[in-house]
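Have a look at the structure below, then the notes.
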There are 2 protein chains.
Amino acid sequence: MRIGALSRLTGVSERALRYYEEQGLLSPLRRPSGYREYTDDHVHTVRSIRTLLAAGLGTATIADVLPCMVDEGGQLAAACPDLLVDLARERNRITAAMEELRDAREMLDAIIAAPVPPEAAQALDC
Amino acid sequence: MRIGALSRLTGVSERALRYYEEQGLLSPLRRPSGYREYTDDHVHTVRSIRTLLAAGLGTATIADVLPCMVDEGGQLAAACPDLLVDLARERNRITAAMEELRDAREMLDAIIAAPVPPEAAQALDC
DNA sequence: GTTGACTCTGACGTCGACGTGAGGGTTTAG
DNA sequence: CTAAACCCTCACGTCGACGTCAGAGTCAAC
């Protein structure tokens, strides 16, 4: 499949897909014309990329992580100790981020659920 | 207290504190000299700001939210319906973000916990 | 009064993941 | 064969929360 189809399948812009390749996250084949040719595997890869990006990982780290994920479900492993250290650090970051999100959500909930004092309702005419 | 002290108490840079004021999140008094003068309340306010920023809220939204948080614990309320809509939207965003973080963490866990195949350990000499 | 720590206001720099054209080939349906 | 749709490579623009530096007042202690 070509880039437009992959973009539609994943919901990721063509620009982003080219960017991922530029960063070494994706390596599609090339037609003689220069057109990129993607496989079905790339669909899964793109989804993984988006998940890790959403978690705050940078493209450089993701580039290190991706080779450790082969097929869907049957992973290989994180061989290099350096990578394991990085992954543990990222894991801690993610956990901390989740806790911060929980705190923030509770803060918003407190405001949303707060009873509106009658005099405040009067004062604010919005 | 002056800006240096507040910075030390909150762990937030002076530049950031001035930025928050510029965005209407903080309104310290001013000495005749122009020096900013903060109260103890501002310490709590800054912590709230950081929590909401960490949750992905923009300074503009936070500026709308802050007036609804008076004292510590005893909130007022979200009066304007517009604000309630925004808050609900943000709440959904946060929940979605938490789920994405959970997915990403599981992905990392799978890699971290994956057994290292013997031949892979040989192949990669890192 | 003077030294050193502190603070002020601009104002430009940063970083990362893209957005957005410009200018020009390629493919495919009719 | 031609038009529409698709794709290519530069390369500059964006956005938000600050970092950083310059040049210049202020405050507290000695």
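Numbered from 1 within each chain, the chains take letters A, B, ... in sequence-line order. Reckoned from all heavy atoms, side chains included, excluding hydrogens, waters and symmetry mates.
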>> I'd like to know if A:Tyr35 reaches the base of D:dC6 with its side chain, counting only an N/O donor and acceptor under 3.5 Å.
In response: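 Yes, the side chain and the base share a sub-3.5 Å donor-acceptor pair.
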>> Counting distance alone, no hydrogens or angles: does the base of D:dG19 have a donor or acceptor under 3.5 Å from a partner atom on the side chain of B:Tyr19?
In response: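 By the distance-only test, no, there is no pair.
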> Hey, what bend do you get for the helix from C:dG1-D:dC30 to C:dG30-D:dC1 if you fit axes on five pairs at each end, rounded to 10°?
Replying inline: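 Taking the rotation axis at each end, their angle is 10°.
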Side-chain N,O ([X]) to OP1/OP2 ([N]) below 4.0 Å:
{"X": "A:Arg36", "N": "D:dC6", "answer": "no"}
{"X": "B:Arg18", "N": "D:dT20", "answer": "no"}
{"X": "A:Tyr20", "N": "C:dA17", "answer": "no"}

Rounded to whole angstrom units, what separation is found between the [atom1] atom of [X] and the [atom2] atom of [N]?
{"X": "B:Tyr38", "N": "C:dC6", "atom1": "OH", "atom2": "C1'", "answer": "14 Å"}
{"X": "A:Glu37", "N": "C:dT26", "atom1": "CD", "atom2": "P", "answer": "16 Å"}
{"X": "A:Glu22", "N": "C:dC18", "atom1": "CD", "atom2": "C1'", "answer": "10 Å"}
{"X": "B:Glu14", "N": "C:dT9", "atom1": "CD", "atom2": "P", "answer": "12 Å"}
{"X": "B:Ile49", "N": "D:dC18", "atom1": "CD1", "atom2": "C1'", "answer": "14 Å"}
{"X": "A:Ile3", "N": "D:dA5", "atom1": "CD1", "atom2": "P", "answer": "19 Å"}
{"X": "B:Glu21", "N": "C:dT7", "atom1": "CD", "atom2": "C1'", "answer": "13 Å"}

> Residues in side-chain contact (heavy atoms from CB on, under 4.5 Å) with B:Ser7, at least two apart?
Replying inline: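 Only B:Glu14, B:Leu17 meet the side-chain contact (heavy atoms from CB on, under 4.5 Å) criterion with B:Ser7.
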> side-chain contact (heavy atoms from CB on, under 4.5 Å) with A:Ser27: which residues, sequence neighbours excluded?
Replying inline: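 Residues passing side-chain contact (heavy atoms from CB on, under 4.5 Å) with A:Ser27: none at all.
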For residues 46-53 of chain B, dump all side-chain donor-acceptor pairs below 3.5 Å to protein atoms at least two apart in sequence or in another chain.
unit_1	atom_1	unit_2	atom_2	d
B:Arg47	NH2	B:Leu9	O	3.3
B:Ser48	OG	B:His44	O	3.2
B:Thr51	OG1	B:Arg47	O	3.0

Atom pair [atom1]/[atom2] of [X] and [Y] - distance to nearest 0.5 Å:
{"X": "B:Leu26", "Y": "B:Leu66", "atom1": "CG", "atom2": "CG", "answer": "8.5 Å"}
{"X": "A:Ile3", "Y": "A:Arg18", "atom1": "CD1", "atom2": "CZ", "answer": "4.0 Å"}
{"X": "B:Asp41", "Y": "B:Thr45", "atom1": "CG", "atom2": "OG1", "answer": "6.0 Å"}
{"X": "B:Leu25", "Y": "B:Tyr20", "atom1": "CG", "atom2": "OH", "answer": "8.0 Å"}

>> Applying side chain to side chain donor-acceptor pair (under 3.5 Å), can you list everything that pairs with B:Arg93, at least two apart in sequence or on another chain?
In response: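 Result, side chain to side chain donor-acceptor pair (under 3.5 Å) vs B:Arg93: B:Glu90.
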> Who passes side chain to side chain donor-acceptor pair (under 3.5 Å) against A:Thr61, sequence neighbours left out?
Replying inline: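 Expected list: none.
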>> Regarding A:Arg2, tell me which of base, sugar-phosphate or nothing describes its non-hydrogen contacts under 4.0 Å with the strands shown.
In response: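 It contacts sugar-phosphate atoms only.
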>> Just to be sure I understand the rule, does B:Gln23 reach a base, reach only the sugar-phosphate, or reach nothing, if contact means heavy atoms closer than 4.0 Å?
In response: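 Since no nucleic acid heavy atom lies under 4.0 Å of B:Gln23, the category is nothing.
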> For DNA chain C, which residues in residues 24-34 of chain B have a heavy atom at a distance below 4.0 Å?
Replying inline: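 Within residues 24-34 of chain B, the residues near DNA chain C are B:Arg30, B:Gly34.
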> Hey, can you pull the residues of residues 51-58 of chain A with a non-hydrogen atom under 4.0 angstrom from DNA chain C?
Replying inline: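 Here the set is A:Leu53, A:Leu57, A:Gly58.
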> Among all residues two or more places apart in sequence or in another chain, which pass the salt bridge (charged side-chain N to carboxylate O under 4.0 Å, His left out) test with A:Arg31?
Replying inline: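 For A:Arg31, the residues satisfying salt bridge (charged side-chain N to carboxylate O under 4.0 Å, His left out) (neighbours in sequence not counted) are A:Glu37.
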>> Going by salt bridge (charged side-chain N to carboxylate O under 4.0 Å, His left out), name the residues that satisfy it together with A:Arg89, two or more places apart in sequence or in a different chain.
In response: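 By the salt bridge (charged side-chain N to carboxylate O under 4.0 Å, His left out) rule, A:Arg89 matches A:Asp86.
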Can you pull every protein N or O that's under 3.5 Å from an N or O on nucleotides 11-15 of chain C?
none

> Closest heavy-atom contact between A:Cys68 and A:Asp64?
Replying inline: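 Distance-wise, the nearest heavy atoms are SG-O, 4.1 Å.
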Under 3.5 Å donor-acceptor pairs involving side-chain atoms of residues 96-110 of chain A, not counting sequence neighbours:
unit_1	atom_1	unit_2	atom_2	d
A:Arg105	NH1	B:Thr95	OG1	2.9
A:Asp109	OD1	B:Arg91	NH1	2.7
A:Asp109	OD2	B:Arg91	NH1	2.6

>> Let's go through A:Arg30 and A:Arg36 carefully: what are the C-alpha distance in whole Å and the side-chain angles of both, what is the deciding distance for side-chain contact (heavy atoms from CB on, under 4.5 Å) to 0.1 Å, and is it a yes or a no?
In response: CA-CA 5 Å; A:Arg30 292 298 187 120; A:Arg36 294 169 176 82; 3.2 Å; yes
